[in-house]
K.L.:
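Pasting a structure here, questions to come.
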Amino acid sequence: MKIASWNVNSIKTRLDHVKTWLEKNRPDVLMMQELKGEVFPSAEFEAMGYQIAYRGQKAYNGVATLSLHPIEIITDQLPGDDGDEQARYLETKINGVRLINIYLPNGNPVDTEKYPYKLAWMNRLKSRVQDLRNDLDPFLVAGDFNVIPRDEDCYDPKAWANDALFLPQTRAAYRAILNLGLIDAHHALHPGPNNYTYWDYQAGAWLGNKGIRIDHILLSPLLADRLQSCFIDREPRGWDKASDHTPILAILNG
DNA sequence: ATGGCTTTATGCTAAAGA
């Protein structure tokens, strides 16, 4: 089972990129983030054999999960705050695997209400994972976490020291989720530096390889046992009018 | 870098992203 995640930064602008990439890679599942629209071009992907689940929102956020196999939608709302209307969460079940697609809040600037919202969101995610690990179902959490886990996951740790993606409280909240028993699929197989998934549009970040690793695939123990490979596909980041993120993929046995 | 791009919107400047 080939599973991918990609923050496309507007599905409307990136539609041709996504279609081209799907044709070349044909993943069983693609989880997308930052669709930036209320409507989703479902027919474009249905024509390619994909079934679609999505949660849209005008202008901001938005997540979608595409699958070659039947999709059961569990929920499009992260439990723990009924007043939260941001489209950042989509939980589905495909081929017996629960797939949690997330667009975790950025959190900047940290001296605004955005940062406590991020930390609260991470705590809600932790609670959800806590509930799920009692089930026997295998599950994974994938998407744009907006968390740089370690110094080695950014080109210049000092430049990120006070950023919401890298503050000690942010990394502690991320570790608290991992410590429930999840495995970072990419880190497990490729623990070295320079495994970036995002490069800023500004200041030649892509040409200078000044990136950060913030898109992750976290596996429950039963899925960690099935992990065959995990890699970041840098190719689409080099395309004309690219998203600032590039896809991450995991291949699971069975 | 109180932001050098990029995207969206009761749009032509402001807000958000990371």
Side-chain angles (χ1 to χ4, degrees), chain A residues 5-19 21 31-41 54-64 84-89 101-122 125 142-174 186 193-216 232 234 236-248:
Chain A
S5 173
W6 189 7
N7 177 323
V8 298
N9 185 17
S10 169
I11 188 59
K12 187 178 175 187
T13 301
R14 229 66 63 193
L15 179 59
D16 288 343
H17 281 201
V18 175
K19 287 169 68 176
W21 190 82
M31 304 157 90
M32 287 186 283
Q33 303 85 33
E34 245 194 311
L35 305 172
K36 289 191 167 178
E38 213 158 24
V39 296
F40 186 81
Y54 79 96
R55 165 88 193 271
Q57 179 184 335
K58 189 187 290 184
Y60 303 116
N61 309 317
V63 286
D84 186 358
E85 296 184 345
Q86 300 193 29
R88 299 181 175 275
Y89 187 91
N101 177 0
I102 67 164
Y103 175 44
L104 204 149
N106 175 297
N108 284 304
V110 294
D111 59 353
T112 67
E113 74 288 347
K114 291 174 185 294
Y115 191 55
Y117 172 67
K118 175 177 191 156
L119 292 178
W121 206 96
M122 295 179 82
L125 181 61
D144 178 359
F145 281 68
N146 273 315
V147 174
I148 303 167
R150 312 165 302 161
D151 284 3
E152 296 89 331
D153 296 318
C154 59
Y155 69 95
D156 182 6
K158 283 196 280 294
W160 291 92
N162 298 311
D163 195 280
L165 280 63
F166 196 56
L167 282 171
Q169 302 97 301
T170 304
R171 284 180 283 161
Y174 178 75
H186 198 276
N194 279 350
N195 292 308
Y196 305 138
T197 64
Y198 166 92
W199 297 259
D200 202 288
Y201 286 123
Q202 302 180 70
W206 167 244
L207 291 175
N209 191 29
K210 296 173 178 177
I212 51 179
R213 188 174 78 94
I214 56 174
D215 299 87
H216 308 299
I232 296 158
R234 295 192 177 214
R237 186 61 184 82
W239 291 346
D240 190 40
K241 301 276 286 178
S243 168
D244 39 9
H245 295 249
T246 213
I248 177 170

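Sequence lines set the chain letters: A, B, ... in the order given, protein chains first and strands last, and positions in each chain run from 1.
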K.L.:
B:dT8, OP1 or OP2 - any side-chain N/O from A:Thr13 closer than 4.0 Å?
P.N.:
yes
K.L.:
Any chance CG of A:Asn162 has more than 12 other-residue heavy atoms, nucleotides or ligands included, within less than 6.0 Å?
P.N.:
no
K.L.:
Using distance alone, with no hydrogens and no angle criterion, decide if A:Asn209 and A:Arg234 have a side-chain donor and acceptor under 3.5 Å apart.
P.N.:
yes
K.L.:
Can you find a side-chain donor-acceptor pair between A:Asn9 and A:Lys36 that sits under 3.5 Å?
P.N.:
yes
K.L.:
Check step by step if side chain to side chain donor-acceptor pair (under 3.5 Å) holds for A:Glu34 and A:Asn61.
P.N.:
CA-CA 5 Å; A:Glu34 245 194 311; A:Asn61 309 317; over 6 Å; no
K.L.:
Any idea how A:His216 and A:Tyr174 line up, ring-wise: parallel (<30°), tilted (30 to 60°), or perpendicular (>60°)?
P.N.:
tilted
K.L.:
Report yes if at least one side-chain N or O of A:Ser10 is closer than 4.0 Å to OP1 or OP2 of B:dT8; otherwise report no.
P.N.:
yes
K.L.:
Could you state the atom-to-atom distance from CH2 of A:Trp239 to P of B:dT6 in whole Å?
P.N.:
18 Å
K.L.:
Under 4.0 angstrom, heavy atoms only, what part of the nucleic acid is A:Ala203 near: base, sugar-phosphate, or nothing?
P.N.:
base
K.L.:
When rounded to the nearest Å, what value does the distance between P atoms of B:dG4 and B:dA14 take?
P.N.:
14 Å
K.L.:
Within this structure, what is the NZ-to-P distance between A:Lys241 and B:dC5, rounded to whole angstrom?
P.N.:
14 Å
K.L.:
Please report the distance separating the P of B:dG11 from the corresponding atom of B:dA15, rounded so that it comes out in whole Å.
P.N.:
15 Å
K.L.:
How long is the line joining NZ of A:Lys58 and P of B:dG11, in whole Å?
P.N.:
10 Å
K.L.:
Output the rounded distance in Å from CZ (A:Phe145) to P (B:dA18).
P.N.:
14 Å
K.L.:
Measure CD/A:Glu38 against C1'/B:dT7 and give the value in whole Å, please.
P.N.:
16 Å
K.L.:
To the nearest Å, how far apart are A:Leu15 CG and B:dT8 P?
P.N.:
12 Å
K.L.:
Return the value, rounded to whole Å, for the distance between atom CD1 of A:Ile148 and atom C1' of B:dA18.
P.N.:
8 Å
K.L.:
Centre-to-centre under 6.0 Å for A:Trp21 and A:Trp239, is that the case here?
P.N.:
no
K.L.:
Looking at A:Arg14, I'd like to know whether one of its side-chain N or O atoms comes within less than 4.0 Å of OP1 or OP2 on B:dT7.
P.N.:
yes
K.L.:
Distance to the ring centre below 6.0 angstrom and angle to the axis at most 45 degrees; does that hold for A:Arg213 and A:Tyr196?
P.N.:
no
K.L.:
List every contact pair, protein side and nucleotides 12-17 of chain B side both N or O, where the distance is under 3.5 Å.
P.N.:
none

K.L.:
Please give, in whole Å, the distance from B:dA18 P to A:Tyr174 OH?
P.N.:
16 Å
